[in-house]
Amino acid sequence: MPELAALPDLSSVTDTALPGWEEEYRQIGQVLDRHDIALLGSQVLSLPLEAGLRVETVLGSVPYSVFDAWFHWMD
């Protein structure tokens, strides 16, 4: 099991339910589906952003990924 971090980290993204949370994972997926909301998996989140896009963050570095754009942190 990944170590919990205080700040979001791409390596913490899981594409499957954690053991013991399968039913909750399924229920959350159903609710999101009803509202046309998709959970982005690690493959999509790790894709690079288009060249020239900048993300105001202290966590990521160039080249930025989709994850950096959604979970940026600026203090």
Side-chain angles (χ1 to χ4, degrees):
M1 177 181 241
E3 182 179 319
L4 294 177
L7 297 173
D9 183 69
L10 182 56
S11 66
S12 298
V13 174
T14 180
D15 295 317
T16 58
L18 296 174
W21 288 87
E22 294 86 0
E23 180 59 21
E24 290 84 353
Y25 187 86
R26 186 187 66 74
Q27 290 175 3
I28 291 169
Q30 288 178 334
V31 171
L32 294 175
D33 285 344
R34 284 197 304 265
H35 296 280
D36 295 324
I37 299 172
L39 288 176
L40 300 179
S42 61
Q43 289 182 338
V44 172
L45 290 171
S46 64
L47 292 173
L49 289 181
E50 290 182 32
L53 291 178
R54 188 169 185 279
V55 178
E56 293 292 328
T57 183
V58 296
L59 294 179
S61 59
V62 177
Y64 297 112
S65 68
V66 173
F67 180 88
D68 295 321
W70 277 101
F71 301 102
H72 64 276
W73 179 268
M74 194 67 177
D75 196 350

Same cluster (ILVMFWY, side-chain, under 4.5 Å), [X] and [Y]:
X	Y	value
Trp70	Ile28	no
Tyr25	Val13	no
Leu32	Val66	no
Leu10	Leu39	no
Val55	Val44	yes

Q. Could you go step by step and tell me if Leu47 and Ser65 meet the side chain to side chain contact (heavy atoms under 4.5 Å, CB included) rule?
A. CA-CA 5 Å; Leu47 292 173; Ser65 68; over 6 Å; no

(Q) Surrounding CD of Gln43 (heavy atoms of other residues, nucleotides or ligands, distance under 6.0 Å), is the total greater than 12? (A) no

Q) Tell me, do Tyr64 and Thr57 make a side-chain contact under 4.5 Å, heavy atoms counted? A) yes

Q. Are any of the side-chain heavy atoms of Asp68 and Leu49 separated by less than 4.5 Å?
A. no

**Q.** No-hydrogen, no-angle side-chain donor-acceptor test under 3.5 Å, Gln30 and Arg34
**A.** no

Q | Minimum heavy-atom distance between Leu45 and Phe71, given as atom pair plus value | A | CD2-CE1, 4.4 Å

Q. Partners of Glu50 by salt bridge (Lys or Arg N to Asp or Glu O under 4.0 Å), sequence neighbours excluded?
A. none

